[in-house]
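Comments concern the structure below.
Only heavy atoms go into these numbers, but all of them, side chains included; no hydrogens, no water, no symmetry mates. Since this is a predicted model, take the numbers as computed values, not measurements. Sequential numbering from 1 along the given sequence is applied to the chain's residues.
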Amino acid sequence: MLHEAIDWLINTIGSLGYTGIFLLMAMESSVIPIPSELVMPPAGYLVQQGRMELAPVILSGTFGSLLGAYVNYFVARYLGRPFLLKVGHYVGINEHKLGYIENYFNSHGEISTFIGRLLPVVRHLISLPAGLAAMNHLKFSIYTLLGSALWISTLTWIGYLLGENRELVLQYSHQAVLAAITGSILLVVIYLAYHRRKKLKLAQVAE
């Protein structure tokens, strides 16, 4: 079943070209559950076969991810808050919790957006709280592009290097997810330690 899905994606990407990659990754980055782990490695395989070029593949996937992120961002920014406040009591969201999310993204939106693009499930949703918090649009775009480019480049190279060996492609894609989670945790720890040290220095100066 999975091999059939990969075959379909290879044929789809091969026929639609860079536009297909762009559209699939735009859907993946919004709320449509199309795993990037099944999109970008087949595109990398097509690069290995000489049917596509590496740079346009990565750029198509990256900007497709940005488009999908924009959809969630703007929906949440202009429609999400009133809706969440109306139905929030059904899922434990209230004015206080929503305010906390908004304040958190005002202070830590950059690192959260960047890391969120590297993590499964989270990458589909991270644009929603960014939109709710009205995160600066330019910063949102930059950190979304950086995180997406890193993740998409990794998956594309996996497909390029491993080619038709689908079992290894799936294995290494899974390992890439685990590495992304581990690296993200490490980055968060470093980030929190830096901000804690910065606050201590500011407190010492104030004294």
Query - Residue pair Gly17 / Met52: nearest heavy atoms and the distance that separates them - result: C-CE, 3.6 Å

Requested in this report: First locate atom NE2 of His137, then atom CZ of Phe74, and finally report the distance between them rounded to the nearest 0.5 Å.
Outcome: 3.5 Å

Query raised in the report: Hey, is CZ on Phe22 packed in by over 12 heavy atoms from elsewhere, all under 6.0 Å?
Result: yes

Query raised in the report: Taking only residues two or more places apart in sequence, or in another chain, which ones meet Leu128 in a side-chain contact (heavy atoms from CB on, under 4.5 Å)?
Result: Asn72, Ala76, Leu125

Report summary line: Smallest heavy-atom separation, Thr156 atom then Ile152 atom, equals OG1-O, 2.7 Å

Requested in this report: Heavy atoms only: give me the nearest Ala134-Tyr73 pair and the separation to one decimal.
Outcome: C-OH, 4.2 Å

Query raised in the report: Hey, are the side chains of Pro41 and Tyr160 touching, using non-hydrogen atoms and a 4.5 Å cut-off?
Result: no

Query raised in the report: Is there a side-chain contact between Leu66 and Ser29 (heavy atoms, below 4.5 Å)?
Result: no

Requested in this report: Mind running side chain to side chain contact (heavy atoms under 4.5 Å, CB included) on Trp151 and Thr62 for me, showing each step along the way?
Outcome: CA-CA 9 Å; Trp151 179 242; Thr62 299; over 6 Å; no

**Report entry** Working for side chain to side chain contact (heavy atoms under 4.5 Å, CB included), residues Met40 and Trp157
**Finding:** CA-CA 9 Å; Met40 297 314 302; Trp157 275 106; over 6 Å; no

Report summary line: dist Thr113:OG1 -> Ile142:CD1 (nearest 0.5 Å) comes out at 11.5 Å

Query raised in the report: Just checking, is any N or O donor in the side chain of Tyr70 or Thr144 under 3.5 Å from an acceptor N or O on the other one?
Result: no

Query raised in the report: Shortest non-hydrogen contact from Tyr143 to Arg117?
Result: O-CG, 4.3 Å

Query - Separation of Ser36 OG from Ile21 CD1 (nearest 0.5 Å) - result: 12.5 Å

Query raised in the report: Are Val71 and Leu132 in one and the same hydrophobic cluster, where Ile, Leu, Val, Met, Phe, Trp and Tyr link if side-chain heavy atoms are under 4.5 Å apart?
Result: no

Query - Heavy-atom pair with the smallest gap, counting every atom of Ser153 and Ile58 - result: OG-CG2, 3.5 Å

Requested in this report: Taking all non-hydrogen atoms of both residues into account, name the closest pair between Tyr18 and Ser60 and its distance.
Outcome: CB-OG, 3.3 Å

**Report entry** Shared hydrophobic cluster, Met135 / Leu146 (ILVMFWY, side-chain heavy atoms < 4.5 Å)
**Finding:** yes

Query raised in the report: Honestly curious: do Val75 and Met25 fall in one hydrophobic cluster under the side-chain, below-4.5 Å linking rule?
Result: no

